[in-house]
S.K.: 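Quick one: the structure is below, questions incoming.
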Amino acid sequence: MDLTRLFAELEGRLEAQIREESREEIGEFAEAELTSITLAARLRAQVDQTITVQSSAGETLTGIVRDVRAQALVLSTLRGDSIVHIEACASITPLGRAVPHSSQVESRLTFRHVLRQIARERMRVTVSAGQSFIVGYIVAVYRDHIDVRADTGVISVAICHIFAVTQTGI
């Protein structure tokens with residue numbers, strides 16, 4: 001038996017096994033990276049670009065992305081600036097590659113934080129939720145819903161159904 005040939009054969013098998021394991025690891029890493037990318041991360045690549053977002057109720061907004069946070073984006077439309085609840089978007093086009101958060105604070109800013117600030121500033125807004133468009137002032141933000149003081153009285157709206165909040169003239 002030629003021991004040199006035996007070593008060469010063993011080394012060849014080991015090198016092939018290492019190459020195969022490396023290919024599998026690369027595939028697993030790529031898949032793991034894709035599963036960690038959020039919609040907000042891809043929307044950040046669209047800042048200063050025009051996109052179209054659509055709600056599950058069929059409302060469509062087209063405008064320029066001005067800012068993106070973990071759960072909301074600012075979209076400048078012909079109607080004015082709208083805060084769009086990312087989780088209420090049924091479709092968005094186009095989307096770019098992922099861009100990471102610029103800070104830990106930014107990644108923790110929720111849609112409810114934005115709604116609370118709008119309430120504090122007493123902005124007159126139009127809340128778009130499903131087939132409803134409620135004009136008034138956000139007077140309270142709860143864990144899963146808001147109260148909007150409209151001309152007809154206070155209307156409660158589930159946050160999960162809010163598609164957009166647009167500042168409305170007085």
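Computed over heavy atoms, backbone and side chain alike; hydrogens, waters and symmetry mates excluded.
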S.K.: Roughly how far, to the nearest 0.5 Å, is the CD atom of Q117 from the CD1 atom of I138?
M.R.: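 Rounded to the nearest 0.5 Å, the CD1-CD separation comes to 11.0 Å.
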
S.K.: Taking all non-hydrogen atoms of both residues into account, name the closest pair between A40 and A70 and its distance.
M.R.: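 Residues A40 and A70, closest heavy atoms: CB-O, 3.6 Å.
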
S.K.: Mind checking whether I118 and L109 sit in one hydrophobic cluster, side chains of I, L, V, M, F, W, Y counted as touching below 4.5 Å?
M.R.: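 No, separate clusters.
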
S.K.: Just to verify, what does R66 make a salt bridge (charged side-chain N to carboxylate O under 4.0 Å, His left out) with, not counting sequence neighbours?
M.R.: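 Only D48 meet the salt bridge (charged side-chain N to carboxylate O under 4.0 Å, His left out) criterion with R66.
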
S.K.: Heavy atoms only: give me the nearest V68-V47 pair and the separation to one decimal.
M.R.: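 Distance-wise, the nearest heavy atoms are CG2-CG2, 4.3 Å.
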
S.K.: Write down the atom of A90, the atom of S55, and the distance for their closest heavy-atom approach.
M.R.: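 Closest heavy-atom pair between A90 and S55: CB-C, 3.7 Å.
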
S.K.: Would a single hydrophobic cluster contain both V127 and Y137, if residues Ile, Leu, Val, Met, Phe, Trp and Tyr are joined by side-chain heavy-atom contacts under 4.5 Å?
M.R.: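 Cluster IDs for Y137 and V127 differ.
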
S.K.: Measuring from I92:CD1 to L61:CG, what's the distance to the nearest 0.5 Å?
M.R.: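 I92 CD1 to L61 CG: 11.0 Å, rounded to 0.5 Å.
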
S.K.: Verify, without hydrogens or angle tests, whether S132 (side chain) and I134 (backbone) share a donor-acceptor contact under 3.5 angstrom.
M.R.: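 Not a single qualifying donor-acceptor pair exists.
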
S.K.: Determine which pairs satisfy ring pair (Phe, Tyr, Trp, His ring centres under 6.0 Å) with at least one residue from residues 38-84, sequence neighbours left out, and list them in order.
M.R.: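 For residues 38-84, and leaving out neighbouring residues, there are no ring pair (Phe, Tyr, Trp, His ring centres under 6.0 Å) pairs at all.
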
S.K.: Same cluster or not: are V84 and I86 linked, directly or through other Ile, Leu, Val, Met, Phe, Trp or Tyr residues, by side-chain heavy atoms under 4.5 angstrom apart?
M.R.: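 Cluster IDs for V84 and I86 match.
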
S.K.: Mind checking what makes side-chain contact (heavy atoms from CB on, under 4.5 Å) contact with S91, not counting sequence neighbours?
M.R.: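 Scan of S91 (side-chain contact (heavy atoms from CB on, under 4.5 Å), adjacent residues dropped) gives Q54.
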
S.K.: Is a side-chain N or O of Q49 found less than 3.5 angstrom from the main chain of V65, in a donor-acceptor match?
M.R.: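 A pair under 3.5 Å: no.
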
S.K.: At what distance, to the nearest 0.5 angstrom, does CZ of R42 lie from CZ of R97?
M.R.: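 Going from the CZ atom of R42 to the CZ atom of R97 covers 9.5 Å.
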
S.K.: What residue pairs, at least two apart or across chains, pass ring pair (Phe, Tyr, Trp, His ring centres under 6.0 Å) with a residue in residues 69-98?
M.R.: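 Counting only pairs at least two positions apart or across chains, the ring pair (Phe, Tyr, Trp, His ring centres under 6.0 Å) contacts touching residues 69-98 are H85-F111.
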
S.K.: What's the spacing between L115 CG and T110 OG1 if we round to 0.5 Å?
M.R.: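 Here the interatomic distance stands at 8.0 Å.
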
S.K.: Under 3.5 Å, which donor-acceptor pairs link side chains of residues 148-166 to any protein atom two or more places apart or in another chain?
M.R.:
from: S156; atom 1: OG; to: D147; atom 2: OD1; distance (Å): 2.6
from: T166; atom 1: OG1; to: S82; atom 2: OG; distance (Å): 2.5

S.K.: Not counting sequence neighbours, list each pair that qualifies as a salt bridge (charged side-chain N to carboxylate O under 4.0 Å, His left out) and has a residue in residues 79-88.
M.R.: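 Checked against salt bridge (charged side-chain N to carboxylate O under 4.0 Å, His left out) - neighbours excluded - the pairs reaching residues 79-88 are E59-R79.
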
S.K.: Using a 3.5 Å distance criterion without hydrogens, assess whether the side chain of R112 forms a donor-acceptor pair with backbone atoms of R143.
M.R.: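 Indeed, once roles are kept as given, a pair shorter than 3.5 Å links the two residues.
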
S.K.: Which residue, L75, V74, L43, L73, forms the side chain to side chain contact (heavy atoms under 4.5 Å, CB included) with D67?
M.R.: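 By the side chain to side chain contact (heavy atoms under 4.5 Å, CB included) criterion, D67 pairs with just one of L75, V74, L43, L73: V74.
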
